[in-house]
Every structure is written in structure tokens, then in C-alpha cells.
Amino acid sequence: MFDSGRLKARFSDGRQRGRAFSAAPKLCFQTASACRYGIIAPFFKTTLLIKDTPMLLPEQVKELIAAVVPCEHIEVEGDGHHFFAVIVSSAFEGKARLARHRLIKDGLAEKLASNELHALSVSVAATPAEWAAKNA
């Protein structure tokens with residue numbers, strides 16, 4: 001595990017070196033300081049070890065979105081943790097863009113909170129009429 005005591009010893013000698021951390025275990029590195037003192041490598045090792053969640057397929061994300069709102073059209077691309085979605089649904093009628101995105105994100109809140117679905121960017125959230133006009 002990551003030794004935050006080592007960080008405190010390196011950055012508590014009184015010289016101005018920028019902010020190395022705010023509070024353990026949440027670390028806020030300033031890139032120049034982190035590289036200079038050789039502490040960036042252990043941080044990334046720890047991050048990679050912690051991030052051991054199962055990867056999702058785009059088809060699985062499509063199913064998750066379809067369970068949240070009835071969709072006429074869904075396109076999902078991604079690498080297993082970061083996904084980009086185009087969603088066309090009549091459930092978006094009368095809703096602003098932000099409300100459409102919140103509808104999707106609130107429905108997937110459990111998956112996002114557990115980090116199983118790390119990041120979902122809703123590229124397009126359109127009604128069927130908007131989608132038809134855009135693709136005409």
C-alpha cells in the first residue's frame with residue numbers, strides 16, 4: 001500500500017515545494033514536484049492495483065441504458081471503462097439537454113458509483129424527431 005508518511009517527511013522541511021498532498025489517502029500531486037522527488041511512480045502503481053474492476057462491453061452498456069429509458073436508437077463505443085453514447089428516446093420529449101443527461105446518469109448511478117462503469121459521456125441525447133431532422 002502507499003506510504004503517506006514518506007510523503008510527509010519529504011515535504012515537511014520548510015522549503016516551498018508546492019502542495020504535495022491534502023490529506024491521506026486522497027493525494028493531490030503537483031506534477032513538477034512529483035516527478036522531481038520520484039513519488040509519481042508509486043502513486044500510479046497504487047492506482048493501477050486499486051482499479052481492478054471488471055470491464056464492460058459496449059453491448060452491456062447498451063442494455064444498461066435501455067433498462068433506464070425506452071430507446072429507439074442507441075450507439076455505444078468504448079474501451080471497457082470509458083464509453084461514449086448516442087441515445088434517441090421519446091422519453092426526452094420536453095426535457096432540456098441537462099435533464100436528459102441526468103435522466104441517464106441517475107438511472108446508472110449504482111454502476112457509476114461502484115466504478116463498474118467508470119465514465120459515460122452522452123454525446124447525443126435526442127428525441128426521435130430531432131434525430132430524424134439531424135440525419136435528414
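Note that NE2 of His82 and OG of Ser121 are 10.5 Å apart. Values are rounded to the nearest 0.5 Å.
Under the rule for a side-chain contact (heavy atoms from CB on, under 4.5 Å), Glu63 has no partner lying at least two apart in sequence or in another chain. Every residue meeting the side-chain contact (heavy atoms from CB on, under 4.5 Å) condition with Arg97, not counting sequence neighbours, appears here in chain and number order: His101. Under the side chain to side chain donor-acceptor pair (under 3.5 Å) criterion, Glu93 pairs with no residue, sequence neighbours left out. Contacts of Lys95 classified as side chain to side chain donor-acceptor pair (under 3.5 Å), with partners at least two apart in sequence or in another chain: none.
The hydrophobic cluster containing Leu103, built from Ile/Leu/Val/Met/Phe/Trp/Tyr side-chain heavy atoms closer than 4.5 Å, also comprises Leu56, Val61, Leu64, Ile65, Val68, Val69, Ile74, Val76, Phe83, Ile87, Phe92, Ile104, Leu108, Leu112, Leu117, Leu120, Val122.
Annotation for Ser89 and Cys71: closest pair CB-CA, 4.2 Å, computed over non-hydrogen atoms. Of all heavy-atom pairs spanning Met55 and His81, the tightest one is CG-NE2, 3.6 Å.
Pairs engaging residues 64-87 under the salt bridge (charged side-chain N to carboxylate O under 4.0 Å, His left out) rule: none recorded [sequence neighbours left out].
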